[in-house]
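Please read the structure below before turning to the comments.
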Amino acid sequence: MDATLSIGELAKKAEVNPSAIRYYESIGLIPFTERVNGQRRYTIEILDRLRFIKAAQLSGFSNQEITVLLEGFDITVSPSERWKQMANKKRSELEEKKKQINTMLGILENGLKCTCLTWSECLAKVKSDGTCS
C-alpha cells in the first residue's frame, strides 16, 4: 500500500479543490511536497493540516492569520493556546462586524418601508427619526 496520496486523492479526502492545495503550497500554508515521477505525493499528515485550514477559514480567519496560527508562535506555545489567543481576538472582530451588519439590515428594512417621492424628502426623514415612511 502506498503511504502517500496524489493531489487528487488528497483533495477528495480534504474536500477541497486540487488548485487550493497548490495555492496553499505556494503561500506556505502547507509545505512543498516531494514529487515522484513528476507527480506531487503527500503524506497523510497534510490531510490533518488541510482540515485545520478549512475549519479556521470557516471561523473567519484569513490565510495570513492561519499562517500565524500554524507557524507564528514560539514553539513552546501549544496549539490550543495559539487557538485561544487568536480565537478571542477573532470573536471580538466578528462581534463588531455583526453590529455593523445589524445596523445595515435595519437601514435596509426601513428603506423597504419608504414611501417618499424624492431622495431629499427621504434623507430628511432618516436624519430626523431614523425611519423613512
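Only this structure's heavy atoms are used, side chains among them; waters, hydrogens and symmetry mates stay out. Just so you know, residue 1 is the first one in the sequence shown, and it goes up from there. This one's a predicted model, so the numbers in the text were calculated from it and none came from an experiment.
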Identify every side-chain donor-acceptor pair in residues 96-107 under 3.5 Å, counting partners at least two apart or on other chains, and give the distances.
{"from": "Asn102", "atom 1": "ND2", "to": "Lys98", "atom 2": "O", "distance (Å)": "3.4"}
{"from": "Thr103", "atom 1": "OG1", "to": "Lys99", "atom 2": "O", "distance (Å)": "3.1"}

* Residues which pass side-chain hydrogen bond (donor to acceptor under 3.5 Å, both in side chains) with Gln39, listed by chain and number, not counting sequence neighbours -> Arg41
* Asked: Can you name the side-chain contact (heavy atoms from CB on, under 4.5 Å) partners of Pro79, sequence neighbours left out?
  -> none
* Excluding sequence neighbours, so at least two apart, what forms side-chain hydrogen bond (donor to acceptor under 3.5 Å, both in side chains) with Ser80? -> Ser78
* Asked: Excluding sequence neighbours, so at least two apart, what forms side-chain hydrogen bond (donor to acceptor under 3.5 Å, both in side chains) with Ser59?
  -> none
* Looking at residues at least two apart in the chain, or sitting in another chain, which of them share a side-chain contact (heavy atoms from CB on, under 4.5 Å) with Ser120? -> Thr118
* Who passes side-chain hydrogen bond (donor to acceptor under 3.5 Å, both in side chains) against Asn63, sequence neighbours left out? -> Gln57
* Output all residues satisfying salt bridge (Lys or Arg N to Asp or Glu O under 4.0 Å) with Glu71, sequence neighbours left out; order by chain, then residue number. => Arg49
* Asked: Going by side-chain heavy atoms closer than 4.5 Å, which hydrophobic residues are tied to Val36, directly or by a chain of links?
  -> none
* More than 12 foreign heavy atoms under 6.0 Å from CG of Asp74: is that the case here? -> yes
Determine all donor-acceptor pairs shorter than 3.5 Å in which one atom belongs to a side chain in residues 84-94; sequence neighbours excluded.
{"from": "Asn88", "atom 1": "OD1", "to": "Arg91", "atom 2": "NH2", "distance (Å)": "2.8"}
{"from": "Asn88", "atom 1": "ND2", "to": "Lys84", "atom 2": "O", "distance (Å)": "3.1"}
{"from": "Lys90", "atom 1": "NZ", "to": "Gly60", "atom 2": "O", "distance (Å)": "3.2"}
{"from": "Lys90", "atom 1": "NZ", "to": "Glu65", "atom 2": "OE1", "distance (Å)": "3.0"}
{"from": "Lys90", "atom 1": "NZ", "to": "Glu65", "atom 2": "OE2", "distance (Å)": "3.2"}
{"from": "Lys90", "atom 1": "NZ", "to": "Glu93", "atom 2": "OE1", "distance (Å)": "3.0"}
{"from": "Ser92", "atom 1": "OG", "to": "Asn88", "atom 2": "O", "distance (Å)": "3.3"}

* For Phe61, what residues pass the ring-ring contact (aromatic ring centres under 6.0 Å, His included) criterion, not counting sequence neighbours? -> Trp83
* **Non-neighbouring partners of Arg82 that pass side-chain contact (heavy atoms from CB on, under 4.5 Å), sequence neighbours left out** => Leu69, Phe73, Val77
